[in-house]
Structures are given as C-alpha cells and as structure tokens.
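Some notes on the structure that comes next.
Both ligands and their constituent atoms are indexed starting at 1 by order of listing. Every value quoted in this text rests on a predicted model; they were computed, and no experiment measured them. Sequence positions, counted from 1, serve as the residue numbers for this chain.
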Amino acid sequence: MTFKCLHAASEVAGFAKTGGLADVAASLPVALQARGIETVVVMPLYAACRTSKQGLTPTDHRFRVPMGERMIEGRLWRSTLPNSAVPVYLIEQPALFERDDPGAKRGLYQYADDAGRLADYADNSARFGFFARAILETLRLLDYWPDILHLHDWQTGLTPVYLREIYQHYAKHHLRDRYQRIRTFFTIHNLAYQGVFWHYDVPMLGLPWRLFTLDKLEFYRSLNFLKAGLVYADRLTTVSPTYAREIQTTLLGCGLHGVLMQRSRDLVGIVNGIDDQTWNPETDAMIAATYNVNALAGPEEEGGKSRCKTALQKHFGLDRLPRTPLFGVVSRLAAQKGFDLIEKVVPGVLRQGAQLAVLGDGDKIYRDLLLKLKGDFPRQVGVHLGYSEPLAHQIEAGADIFLMPSQYEPCGLNQLYSLRYGTVPIVHATGGLADTVVDATAENVALARATGFAFMPFTPAAFGDAIERCLRLYHDEPARWRTLQQIGMLQDWSWRRSATEYERLYRQAASEFV
Ligand code: ADP
Ligand code: GLC
C-alpha cells in the first residue's frame, strides 16, 4: 500500500505567504511525493488565494463544525502546488479567512491600526480553531486516510487535540478506526509564535474544561495552541538541530522549555531544504541576468552576477559602482531579525562608503528605523517597505553580502538562498544559521570549507567584527572571496537530504504504533 501523508499549514507559497513556513509547506510535500509518498496539502482559503496563479476549482465537499453555540460551514476548493501535481485543498470560510488586503494593510493574521501598528485579529482563535478541525473533516470528505498527518505551527496546534479527544472516540465506528490509525507530526517553525488566547475560548472551540490543565492546554491561565500541539502530537520536529537544543533552554524556550524537555525523546531537528527550481540563479526569470558558479570565474564586470548588482543599484537609485560592497537584507521586520544590531553597526559601515538594499515588511519601529537610515544615507541605501517576490530574488542575486543577524533563527531560508546565489551571508551563529553557514576563519578558508561569516555573541561588537572581517576579504583578497562565493554556491541545500530524514521518521512512527 502507498504510504500517505497530509500536510496542513496556515500559509503555502504560491497561494499566501508571510515567511519561510510558506516556502516549506510548498516544497517539502513535492520532495516527499518525489520519494513515492503520496502527499496532500490543506490550507485556509484567503483572499490572496483567489488571485493566485495556481487557479482554484470548487468541489462539492461541504462540512459544518460547531463553534460555541453556532455551526460554521466550510467548503473545500482544490488546486495544486506550484510546479507540481501535489493536490492542495483550501478551506473556504469567507467570514473567517477572506479579509486580507495588502492595500488596506490587512494581512493573514494581523492588520495595521490607524497609527500603523500591527495588531492580531481578535478572532484568531476561532479562525484557526475552525481550521484545525476542518483539517480532520477534510480526511472524511476526501476519504483520504494518511499514515502521517503533518501539522505546522500554532495555527494547527489544536488538530491533534481534536483528533485524540473527539474524532478518535466519537466519530462513526468505521471512521473512528480510520482516525485512530493516523500518527501526527507537529513541526515548530518558530516557538515565539504560540497562539495564546483567553481561557473563555475553550468552550467556544468545543473543548471540554477538563483539558484546561497545566499538563495540557493551559499556559499561565490562558489557552495556548502551540502547547496543545506539543503535548498532543505523536512526534515533534523543528527546523534545525541547533534550534531543537536551544528551545529546551530557558533562554530560547519561550516559556515552553519544560514541555519540550519532557518530550525531548520525540523531538528532532531537521534543517529545511530549499526549492531549488524557484531559487536557481541559472534559470531565475526574475533577475537581470542568469549565472552559475563557473561564470564567477570569468572577468568580474562581465559576469551575470555583476549585471544583477548593477541592476539592483539602478533599481534603488544608488551609484553604479562595481567595486563598492553592496549589502542586502530581505526580512520580515520583527524583533527576532536583529534590526537593533543593524541600527547600531551599519551606519558606521555606510560611512566607509558601502551600500545597502533592504526589502522588508512588518513592525513600525523597524520601518521607521530603515527609513531613517535611508534619510541619513540617501545615495547609499535603498529601502522597499512591502512584499515583493521579484525584488527578493533581485536582492539575493545583486548583493555581494547578505546580512542576517537574527537574535534567534529556527532555520532561516534567506541565508540558504544567498549561498545559492553567491551572496556571502553574515549571520549570528544561532539555530539554523549556525547549522548552515561555515565561518570564514583562517582555518576554514584554508580548508576550502568556509561559506560565510558567523558571529557570536549577539552584540554590536561581534557583528561589527564579522562585517570587518568580511570586508577585508572582499577588498584585499579577491581570489579567496571568489572561492568563498563558489563554495557557498556548490552546497546542496535542496530537500533531497531532509526529505529522506522525514521519510525515515514517518515510517518509524507508523510502524511503532500498529
Ligand atoms: P521567516 O520565516 O522567519 O520570515 P525565513 O528566512 O525562513 O524567515 O523565510 C523568509 C521567507 O520570506 C523567504 O522566502 C524570503 O524571501 C521571504 N520574504 C521575507 N520578507 C519578504 C518581503 N518583504 N518580500 C518578499 N519576500 C519576503
Ligand atoms: C519560521 C522561522 C524561520 C524558518 C521558517 C521555515 O518562520 O522563523 O527560521 O526558516 O519558519 O521553517
């Protein structure tokens, strides 16, 4: 019998995206399918999905689930993942999901108030409680019974609870059996986002009060969706081995390190892969000129990467200087991403003449910080506040150096895209950044294994020192710089390796429980 899995996530690239979760949800299923595991994806149907290139088709599958006193209806729509035949089912419930509108500053989970500050939608618990349950309804409606139900982040945290506490007991007899055979995987993409709501949402979500205890859903007198997933799922994974260790400490455990320590035997860290079709400098249609690792060996000014740099400088109205180091940043503007360090250190670097191109969206304090930087260095800094996929590719291709001084980073994808595009990353050695970037110490450079610059501790001094080391190599040792770029480009961070690891865990979990 074919081994089957179903992935459920609140965002999937090609349909709706705020960060790396969407990239993973769109590419891991394709890699699993390629390994012969039948894979289906489920996500909410947001307004953004209606206009996606993928095209949606309605199905006749409708369902109703209780929410408080009311029954809420949903309907399944169907599509496929970008560049693949993997089916995607989208849960239609317009009042809950179709309110996003970038023009009006309304996102998938948050909206901007009149002062421009981001706030969570007040009914997020109902929205994602409904989604969590709809995932289980989908199995019944499609008559699709996966061996593994793979859930991502807090938005799906209640699914294993509904499965174990309701569907495995109360469904009709033949279905009960089916629900009982499913094993759940829960992946933590970012422990800082937990979905914490006031406790009166417990009955609204159709859950009994007896579950509202310290060892289950309760978290400092509130209801915590992520904790629910951590307690109820059969297996836990996170997106890098270092982050798997870090989240079991008080420093990065976000109040849940105790729960994670208790489950440490079931917790594994697997570094994400990247979609190497979408992020490929040799075929990328969004960049000014394509290039590959060999092209970097030729005369610099003629190479594709140099042309991408010139195009990026032109885009942002910066001086077109081929030998001036151009730093790139593509990031959600959130506290996690280290903009405090950028604020303290980067002005000094700009004073020495470097250039900076930033693409980002998010918190107002960081938007203001970036606009100030641009105001202070108008000819050296380009800032685009908003979301733009083409520009993300153009920065990855056109920059010389990519800055990712995240305070913590579960995995991080942008440093992997940077490596692929020959853009040398400077990262704080935390989480997936520590696991994927090899610091250019003299020894690592000599052994031809360095791929970037990794600094520790998380201080302006250490960050400044890494930038200095990087610029020294860039200016003084062009041949070694080229080698650093080339070694980065030759790394294989595609899903091949990680999908194998997921498959191994899936099969182990499925066999252990029968
Ligand atoms: P996180 O998921 O924490 O945001 P990752 O590095 O894992 O961090 O993934 C970020 C993803 O979101 C990358 O694909 C990146 O290119 C993309 N991204 C972030 N901000 C923007 C933006 N403003 N415009 C376009 N893409 C963005
Ligand atoms: C989260 C993390 C990021 C990770 C991504 C995909 O958004 O912040 O580090 O790469 O999920 O797993």
Side-chain angles (χ1 to χ4, degrees), residues 7 9-14 16-28 48 82 102 107-109 150-155 186-194 226 237-240 242-244 246-247 252 254 269-276 278-279 284 286 328-339 357-363 366-367 370 382-397 399 402-421 423 425 427-428 430-437 493 495 498 502:
H7 281 256
S10 60
E11 51 185 88
V12 179
K17 167 167 165 177
T18 69
L21 167 62
D23 297 27
V24 173
S27 53
L28 171 58
L108 304 185
Y109 319 118
H150 193 145
L151 306 157
H152 299 268
D153 274 356
W154 72 264
Q155 292 89 344
F186 186 78
T187 296
I188 306 158
H189 292 266
N190 194 332
L191 194 67
Y193 299 87
Q194 301 185 354
L226 186 86
T237 74
T238 188
V239 288
S240 69
T242 296
Y243 194 59
E246 290 171 339
I247 54 179
L252 287 178
C254 303
I270 302 176
V271 171
N272 289 326
I274 60 172
D275 175 344
D276 57 0
T278 307
W279 295 94
D284 194 331
M286 289 187 252
V329 174
V330 179
S331 179
R332 284 186 298 113
L333 304 183
Q336 166 197 351
K337 300 293 181 180
F339 285 98
V358 187
L359 166 65
D361 205 2
D363 293 351
Y366 304 115
R367 294 204 305 266
L370 291 169
V383 173
H384 181 110
L385 298 178
Y387 187 86
S388 165
E389 222 140 290
L391 192 54
H393 285 245
Q394 287 150 18
I395 292 179
E396 289 292 3
F402 194 86
L403 294 180
M404 207 157 163
S406 309
Q407 184 174 11
Y408 71 91
E409 194 62 77
C411 178
L413 296 170
N414 278 309
Q415 84 282 15
L416 302 178
Y417 302 150
S418 301
L419 290 173
R420 192 108 207 276
Y421 281 69
T423 303
V427 303
H428 173 215
T430 180
L433 299 175
D435 292 340
T436 56
V437 176
W493 290 109
W495 273 107
S498 304
Y502 277 112

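- Of all the atoms in ligand 2, the ones that sit under 4.0 Å from a non-hydrogen atom of V24 are 6 (C), 12 (O).
- At a cut-off of 3.5 Å, with distance as the only test, no side-chain donor of Y366 or S331 sits close to an acceptor on the other residue.
- E246 places a side-chain N or O within 3.5 Å of a backbone atom of G431 that can act as its donor or acceptor partner.
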May I have a table of the N/O to N/O pairs between ligand 1 and the protein that fall below 3.5 Å, each row giving the two atom names and the distance to 0.1 Å?
residue, atom, partner, partner atom, Å
ligand 1, 2 (O), G20, N, 2.5
ligand 1, 3 (O), R332, NH2, 2.8
ligand 1, 3 (O), K337, NZ, 2.8
ligand 1, 4 (O), R332, NE, 2.7
ligand 1, 6 (O), L413, N, 2.8
ligand 1, 6 (O), N414, N, 3.3
ligand 1, 7 (O), L413, N, 3.3
ligand 1, 8 (O), K337, NZ, 3.2
ligand 1, 9 (O), G20, N, 3.2
ligand 1, 14 (O), K17, NZ, 2.9
ligand 1, 14 (O), D23, OD2, 2.7
ligand 1, 16 (O), N414, OD1, 3.2
ligand 1, 23 (N), G386, O, 2.8
ligand 1, 24 (N), S388, N, 3.1

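- Counting heavy atoms from C-beta outward, H393 and W279 have side chains that approach closer than 4.5 Å.
- Contacts between N190 and ligand 2, counted as non-hydrogen atom pairs separated by less than 4.0 Å, involve the side chain only.
- By the side-chain contact (heavy atoms from CB on, under 4.5 Å) test, T423 is found to be paired with K305, A399, F402, S418, Y421, residues two or more places apart in sequence or in another chain being considered.
- When side chains are defined from C-beta on, H152 counts as touching H7, because their heavy atoms get closer than 4.5 Å.
- Using modelled atom types, no side-chain atom of D153 and backbone atom of Q155 make a donor-acceptor pair closer than 3.5 Å.
- Taking D23 as the reference, K17 meet the salt bridge (Lys or Arg N to Asp or Glu O under 4.0 Å) condition, with sequence neighbours excluded.
- Under the salt bridge (Lys or Arg N to Asp or Glu O under 4.0 Å) criterion, D275 pairs with no residue, sequence neighbours left out.
- Considering all non-hydrogen atoms of both residues, V437 and P425 come closest at CG2-CG, 4.0 Å.
- Between E409 and ligand 2, a contact under 3.5 Å exists for at least one N or O pair.
- The closest side-chain donor-acceptor pair between T436 and W493, if any, does not fall under 3.5 angstrom.
- Taking each of Q336, Q415, E11, H189 in turn, the one with a heavy atom nearest to atom 2 (C) of ligand 2 proves to be H189.
- The atoms of ligand 2 that sit less than 4.0 Å from any heavy atom of V239 are 12 (O).
- Atom 6 (C) of ligand 2 has its nearest heavy-atom neighbour, among T430, I274, N272, L28, in N272.
- Heavy atoms of G19 stay at 4.0 angstrom or farther from ligand 2.
- Considering G20, G431, G412 only, the shortest heavy-atom separation from atom 10 (O) of ligand 2 involves G412.
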